[in-house]
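Have a look at the structure below, then the notes.
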Amino acid sequence: MREMWEEAALCLPVGRLSPVVWTRQAIFSVDGRTFDQYEEYRLARGTADEVREMNVSTEEARYGHHWWSTAELATTAEIVRPKKMASLLPDVPATVGLGRAPVYRGNVNEDTDPE
């Protein structure tokens, strides 16, 4: 929930989030700081009104703010994490709610592991 607010300025109730679909342990750097964190990914769908009312703060969006299509994620030169997000996304909607265990995407070092 914290990340939903920080990344998209949306405050959605837990019931609006899917079960965890992916997990991973990731090491990455931002502004010279290294982070080692456990990550969980869930699916959330925002309504048109919610998206219109978003107010992403300058501090959170200091690198810009953009809603990405899967095609854009696949071709952008920008840093997107996880790196293979575009190839992972198409399977998510079909698997949510089927009682499947989250897919563990492994231990990755985003700074050194190949695309």
Side-chain angles (χ1 to χ4, degrees):
M1 294 298 293
R2 178 184 58 81
E3 287 294 319
M4 178 68 71
W5 176 253
E6 286 181 2
E7 300 297 334
L10 289 174
C11 187
L12 300 177
V14 173
R16 295 265 311 273
L17 302 176
S18 76
V20 176
V21 292
W22 310 322
T23 62
R24 72 181 193 152
Q25 187 72 30
I27 296 172
F28 59 93
S29 300
V30 175
D31 293 337
R33 283 187 63 200
T34 299
F35 297 86
D36 182 350
Q37 67 186 22
Y38 172 77
E39 300 173 341
E40 294 181 346
Y41 291 81
R42 299 171 183 261
L43 181 66
R45 296 182 192 272
T47 66
D49 287 340
E50 288 168 333
V51 172
R52 240 187 330 274
E53 293 173 10
M54 282 179 45
N55 184 18
V56 177
S57 73
T58 308
E59 175 63 23
E60 287 300 326
R62 65 182 160 204
Y63 300 110
H65 179 263
H66 181 78
W67 286 105
W68 299 84
S69 69
T70 303
E72 289 173 317
L73 287 170
T75 59
T76 186
E78 298 293 324
I79 296 171
V80 177
R81 294 185 171 108
K83 288 181 179 178
K84 298 176 183 175
M85 175 87 68
S87 65
L88 299 172
L89 281 175
D91 293 335
V92 172
T95 61
V96 168
L98 297 179
R100 295 185 180 160
V103 175
Y104 182 63
R105 295 285 170 197
N107 294 342
V108 296
N109 185 320
E110 290 281 357
D111 297 333
T112 61
D113 290 347
E115 303 283 325

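In this chain, residues are counted from 1 in sequence order.
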Quick one: list whatever passes side chain to side chain contact (heavy atoms under 4.5 Å, CB included) with [X], sequence neighbours left out.
X: Ile27; value: Thr34, Asp36, Asn109
X: Thr47; value: Arg16, Asp49, Glu50
X: Ala26; value: Arg24, Phe28, Glu39, Val108
X: Val20; value: Thr23, Glu40, Arg42, Pro102

To the nearest 0.5 angstrom, please state how far the CD atom of Glu110 sits from the CZ atom of Phe35.
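Those atoms lie 13.5 Å apart.
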Taking all heavy atoms of Leu43 and all of Ser18, pick out the closest pair and write down the distance.
N-OG, 2.7 Å
